[in-house]
Student: 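So that we are looking at the same thing, I have put the structure below in structure tokens.
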Amino acid sequence: MKNRIWAIALLLLPLAAVAQHDDFIGRSDILLSGGGMNYIGDLNNQSVFGRVHPAFSGGLRYRLDKRWALRGEVAYGALSGGNPDCIERRNLSFRTDLFEGVLLGEFSFWPYGFGSTDHNWTLYMFGGVGVFHFNPMAKYSVGEGMEEWVALQPLHTEGQGTLEYPDRRPYKLTEVCFPFGMGAKFLIGKTVSLSVEYGFRKTLTDYIDDVSKTYVGGDLLRESVENGELAATLADRSGEVVPGYVNAPGIKRGDDSLDDWYSYFHVSVGFSLETLMGWMRSKRCRIR
């Protein structure tokens with residue numbers, strides 16, 4: 001949790017710097033957004049449109065001029081994948097909550113902004129950097145019709161941290177992403193804006209879904225990792241579909257040539273900070 005907070009705080013430092021600008025209030029919008037997140041990786045056959053989960057975000061946009069803007073946002077959503085989206089016999093699946101903080105640069109194709117006499121709408125593109133936190137979990141039957149969600153990273157399902165696989169290290173649950181995409185934004189009156197946006201997040205991990213390389217065999221996991229029996233059960237679930245089937249060590253479990261991605265579609269409502277906090281500037285002027 002501390003790492004997540006510090007990473008998001010570092011991303012928002014540039015916005016803290018521009019907040020010192022004399023016209024910060026007049027150039028800024030508060031953003032509230034809602035939409036959906038979708039995972040792209042080993043457990044959905046690389047489909048751009050898979051299982052969409054609700055996602056929400058809030059942030060601040062600072063307009064550098066009529067075309068360029070700087071934007072900081074924090075978001076919460078969820079990702080999932082698995083049967084029937086992947087190879088049926090593999091029978092792997094996951095779900096994770098996702099927390100994200102991003103710093104983005106926006107470029108508007110036409111001059112745009114509150115009070116603009118040029119255009120009351122524009123297309124725009126964006127790109128930037130962010131951090132996100134995830135924790136892949138799988139649903140596991142504990143008997144008598146009861147199921148529970150089990151965190152997969154501590155189980156080292158692909159032999160991470162074992163002597164037999166020294167090149168496989170336990171993956172981090174907080175990672176870097178690179179957001180980019182396009183959108184359209186519209187002025188609604190003098191103080192409210194509406195944005196519709198679709199973007200991708202390229203990540204630096206292949207383990208959002210806990211799947212990347214090859215099977216390592218249940219015997220190794222039983223002997224080498226904590227909760228070895230549970231790790232062996234959740235690392236190879238093919239036997240639940242084909243009774244008695246077990247994948248031998250070395251058989252491909254995922255595709256480590258591609259890191260995982262996710263996408264985020266959302267609609268944002270923006271409120272001019274001038275409207276919400278303009279009284280602060282007028283008060284400051286009177287004091288002078």
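The first residue of the sequence shown is numbered 1, and numbering continues consecutively from there.
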Student: Would you say N38's side chain and R51's backbone share a donor-acceptor pair under 3.5 angstrom?
Tutor: yes

Student: Is the backbone of N247 close enough, under 3.5 Å, to the side chain of D236 for a donor and an acceptor to pair up by distance?
Tutor: yes

Student: Any donor-acceptor pair under 3.5 Å linking the side chain of D42 with the backbone of D255?
Tutor: yes

Student: Just wondering, more than 12 heavy atoms not from E226 lying within 6.0 Å of its CD?
Tutor: no

Student: So does E147 get a backbone contact from the side chain of S141, meaning a donor-acceptor N/O pair under 3.5 Å?
Tutor: no

Student: For the rings on F178 and F180, is their centre-to-centre separation under 6.0 Å?
Tutor: no

Student: Are W68 and L31 linked, directly or through other ILVMFWY residues, by side chains that come within less than 4.5 angstrom of each other?
Tutor: no

Student: Determine whether a donor-acceptor pair (N or O, by modelled atom type, separation under 3.5 Å) exists between the side chain of H133 and the backbone of L173.
Tutor: yes

Student: Suppose we screen for side chain to side chain donor-acceptor pair (under 3.5 Å). Which residues come up paired with D206, at least two apart in sequence or across chains?
Tutor: S212

Student: List in chain and number order the residues that pass ring-ring contact (aromatic ring centres under 6.0 Å, His included) with Y76, two or more places apart in sequence or in another chain; answer none if no residue qualifies.
Tutor: F99

Student: Got a sec, which residues hit salt bridge (Lys or Arg N to Asp or Glu O under 4.0 Å) with E197, two or more places apart in sequence or on another chain?
Tutor: R71

Student: For K202, look at atom NZ and say whether over 12 heavy atoms of other residues, nucleotides or ligands are found less than 6.0 Å away.
Tutor: yes

Student: Would you mind checking if E274 and R27 are paired as a salt bridge, meaning a charged N to carboxylate O distance below 4.0 Å?
Tutor: no

Student: Identify the heavy atoms of S93 and A138 that sit nearest to each other, and give their distance.
Tutor: O-CB, 3.8 Å

Student: So if you build clusters from Ile, Leu, Val, Met, Phe, Trp, Tyr with side-chain heavy-atom gaps below 4.5 Å, do L64 and L60 land together?
Tutor: yes

Student: Using side chain to side chain donor-acceptor pair (under 3.5 Å) as the criterion, list what pairs up with N227, not counting sequence neighbours.
Tutor: none

Student: Does T214 form a side chain to side chain contact (heavy atoms under 4.5 Å, CB included) with I251? I'd like the steps, not just the answer.
Tutor: CA-CA 5 Å; T214 61; I251 290 180; over 6 Å; no

Student: Return the minimal non-hydrogen interatomic distance between V176 and F132, and the atom names on each side.
Tutor: O-CE2, 3.6 Å

Student: Return the minimal non-hydrogen interatomic distance between D259 and W261, and the atom names on each side.
Tutor: O-CD1, 3.2 Å

Student: With a 4.0 Å cut-off on N to O distance, would you call E106 and K185 a salt bridge?
Tutor: yes

Student: Which pair of non-hydrogen atoms, one from S80 and one from H53, has the smallest distance, and what is that distance?
Tutor: OG-NE2, 2.6 Å

Student: To check you understand the geometry: which heavy-atom pair defines the closest contact between A78 and M37, and what is its length?
Tutor: O-CB, 3.8 Å

Student: Considering only heavy atoms from C-beta outward, does the side chain of L273 approach that of I30 to under 4.5 Å?
Tutor: yes

Student: Please give me the minimum heavy-atom distance between E100 and L98, naming the atom from each residue.
Tutor: CB-CD2, 3.9 Å

Student: For W149, check ring-ring contact (aromatic ring centres under 6.0 Å, His included) against everything at least two apart and list the hits.
Tutor: none

Student: Is there a side chain to side chain contact (heavy atoms under 4.5 Å, CB included) between S28 and R63 once you walk through the steps?
Tutor: CA-CA 6 Å; S28 301; R63 298 185 302 279; 5.9 Å; no

Student: Honestly curious: do I208 and M137 fall in one hydrophobic cluster under the side-chain, below-4.5 Å linking rule?
Tutor: no

Student: Would R89 and N91 count as a side chain to side chain contact (heavy atoms under 4.5 Å, CB included) here? Give the steps.
Tutor: CA-CA 5 Å; R89 188 172 67 181; N91 195 38; over 6 Å; no

Student: Can you list everything that forms a side chain to side chain donor-acceptor pair (under 3.5 Å) with D209? Sequence neighbours excluded, please.
Tutor: Y39

Student: I'd like to check V52 versus F265 (side-chain heavy atoms, cut-off strictly below 4.5 Å). Are they in contact?
Tutor: no

Student: Under the 3.5 angstrom rule, does the side chain of T162 hit a backbone N or O of S224 as a donor-acceptor pair?
Tutor: no

Student: Just wondering, do L155 and L234 contact through their side chains at under 4.5 Å, heavy atoms?
Tutor: yes

Student: For residues 156-171, pull every pair meeting salt bridge (Lys or Arg N to Asp or Glu O under 4.0 Å), keeping only residues two or more places apart or in separate chains.
Tutor: E158-R253

Student: With sequence neighbours excluded, what pairs up with Y171 under the ring-ring contact (aromatic ring centres under 6.0 Å, His included) test?
Tutor: Y207

Student: Could you list the residues that satisfy ring-ring contact (aromatic ring centres under 6.0 Å, His included) with Y264, not counting sequence neighbours?
Tutor: H266

Student: Treat each ILVMFWY residue as a node, draw an edge where side-chain heavy atoms are under 4.5 Å apart, and state whether F56 and Y262 are in one component.
Tutor: no

Student: If you apply the rule salt bridge (charged side-chain N to carboxylate O under 4.0 Å, His left out), what do you find for R237 with E240, and how did you get there?
Tutor: CA-CA 6 Å; R237 308 190 72 168; E240 298 174 14; 2.9 Å; yes

Student: Quick one: salt bridge (Lys or Arg N to Asp or Glu O under 4.0 Å) partners of E229, sequence neighbours excluded?
Tutor: R222

Student: Please state whether the rings of Y198 and F200 are parallel, tilted or perpendicular, taking 30° and 60° as the class boundaries.
Tutor: perpendicular

Student: In chain order, what residues pass the side chain to side chain contact (heavy atoms under 4.5 Å, CB included) check against L123, with sequence neighbours excluded?
Tutor: F109, W110, W121, A184

Student: Is there a donor in the side chain of D29 and an acceptor in the side chain of S193, or the other way round, less than 3.5 Å apart?
Tutor: no

Student: Is it true that Y140 and L152 fall in one hydrophobic cluster, defined by side-chain heavy atoms closer than 4.5 Å?
Tutor: yes

Student: Could you check if a side-chain atom of V211 sits within less than 4.5 angstrom of a side-chain atom of L43, using non-hydrogen atoms only?
Tutor: yes

Student: Give the other cluster members for V225, using side-chain heavy-atom distances under 4.5 Å between Ile, Leu, Val, Met, Phe, Trp and Tyr residues; answer none if it is isolated.
Tutor: Y165, V216, L220, L221

